[in-house]
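What follows is a set of notes on a single structure, which appears directly below.
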Amino acid sequence: MADKIKNAKIVFVVGGPGSGKGTQCEKIVAKYGYTHLSSGDLLRAEVASGSDRGKQLQAIMQKGELVPLDTVLDMIKDAMIAKADVSKGYLIDGYPREVKQGEEFEKKIGAPALLLYIDAKGETMVKRLMKRGETSGRADDNEETIKKRLDLYYKATEPVIAYYEKRGIVRKINSELPVDEVFAIVEKAIDELK
Ligand SMILES: Nc1ncnc2c1ncn2[C@@H]1O[C@H](COP(=O)(O)OP(=O)(O)O)[C@@H](O)[C@H]1O
Ligand SMILES: Nc1ncnc2c1ncn2[C@H]1C[C@H](O)[C@@H](COP(=O)(O)OP(=O)(O)O)O1
Ligand SMILES: [Mg+2]
């Protein structure tokens with residue numbers, strides 16, 4: 001089954017919490033028809049199902065920690081396979097969050113063609129998340145959890161960017177700009193892929 005996605009175009013979308021990954025992915029879907037898979041959304045769907053596994057995940061996410069690697073990777077892989085026949089490419093949003101996740105993804109699925117590094121300042125991310133928290137209903141959009149997510153991002157996820165920079169596939173996107181201006185930079189990076 002995994003053979004079906006071996007030659008798929010894969011784009012990792014990496015950036016801090018609230019940097020604008022989901023916002024840019026939506027715009028990429030609208031213009032390029034890629035399949036958007038957000039690890040956070042997949043996990044929140046499992047939580048919403050009310051399953052025992054969902055309850056365990058909820059507890060971890062509420063603390064701003066990372067859920068076990070195998071859980072996320074299996075969810076992403078299943079979702080990729082489900083779309084294999086129709087997908088023009090995959091946006092993997094919120095994964096890898098640590099170098100090990102990248103290595104395991106490549107062993108089990110394949111190599112990314114591009115890594116979009118959605119970059120915003122810490123204070124910008126906190127401001128956006130506090131605002132998003134007014135309406136998102138997300139258990140992790142509160143001051144205490146946001147701080148932990150940000151710390152973990154700098155500690156565990158930033159090394160992912162350095163790891164892929166060595167391969168020359170990282171495009172750094174200035175996400176301090178207004179959404180459409182950010183997207184203009186994103187478009188250039190995606191167009192280079194073709
Ligand atoms: N370029 C931007 N300028 C201003 N606000 C933005 C920008 N990009 C995203 N936002 C807002 O910031 C919040 C976090 O964006 P989101 O796409 O959910 O980030 P992530 O998926 O990286 O956590 C959302 O409320 C979104 O509307
Ligand atoms: N690749 C991954 N590995 C482990 N945990 C993950 C994960 N992706 C998401 N999670 C868990 C921990 C995160 O704090 C939480 C929310 O993730 P998210 O929706 O990607 O956040 P955001 O879009 O604000 O960056 O879900
Ligand atoms: Mg998101």
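In listed order, ligands and their atoms are each counted from 1. Bear in mind the structure is a predicted one, so any value in this text is a computation, not a measurement.
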Worksheet item: Does NZ belonging to Lys188 count more than 12 external heavy atoms closer than 6.0 Å?
Response: no

Worksheet item: Heavy-atom count around Lys9 NZ within 6.0 Å, excluding the residue itself: above 12?
Response: yes

Discussion item. Using a 6.0 Å cut-off, check whether atom CG of Asp52 has over 12 heavy atoms from anything other than its own residue.
Written reply: no

Tabulate distances under 3.5 Å between N/O atoms of ligand 1 and N/O atoms of the protein, writing both atom names on each line.
residue	atom	partner	partner atom	Å
ligand 1	1 (N)	Leu177	O	2.8
ligand 1	3 (N)	Arg128	NH2	3.3
ligand 1	17 (O)	Gly22	N	3.3
ligand 1	17 (O)	Thr23	N	2.8
ligand 1	17 (O)	Thr23	OG1	2.6
ligand 1	18 (O)	Arg132	NH1	2.7
ligand 1	19 (O)	Gly20	N	3.2
ligand 1	21 (O)	Gly22	N	3.0
ligand 1	22 (O)	Ser19	N	3.4
ligand 1	22 (O)	Gly20	N	3.1
ligand 1	22 (O)	Lys21	N	2.9
ligand 1	22 (O)	Lys21	NZ	2.8
ligand 1	23 (O)	Gly18	N	2.9
ligand 1	23 (O)	Arg132	NH1	3.1

Worksheet item: When the aromatic ring centroids of Phe105 and Phe12 are compared, is their separation below 6.0 Å?
Response: yes

Worksheet entry | Heavy-atom side-chain proximity of Tyr95 to Leu69 below 4.5 angstrom | yes

Worksheet entry | side chain to side chain donor-acceptor pair (under 3.5 Å) pairs, two or more places apart, involving residues 58-76 | none

Worksheet item: Which pairs count as ring pair (Phe, Tyr, Trp, His ring centres under 6.0 Å) when at least one residue sits in residues 25-45, sequence neighbours excluded?
Response: none

Worksheet entry | Stepwise side chain to side chain contact (heavy atoms under 4.5 Å, CB included) test for Met125 and Arg149 | CA-CA 11 Å; Met125 296 193 269; Arg149 289 159 68 199; over 6 Å; no

Worksheet, complete the sentence: In chain-and-number order, ligand 2 lies under 4.0 Å from a heavy atom of each of Pro17, Gly18, Lys21, Ser39, Gly40, Leu43, Arg44, Met61, Glu65, Leu66, Val67, Val72, Gly94, Tyr95, Arg97, Gln101, Arg132, Arg138, Asp140, Arg149

Worksheet item: Does Lys131 pair with Glu134 as a salt bridge, N-O distance under 4.0 Å?
Response: yes

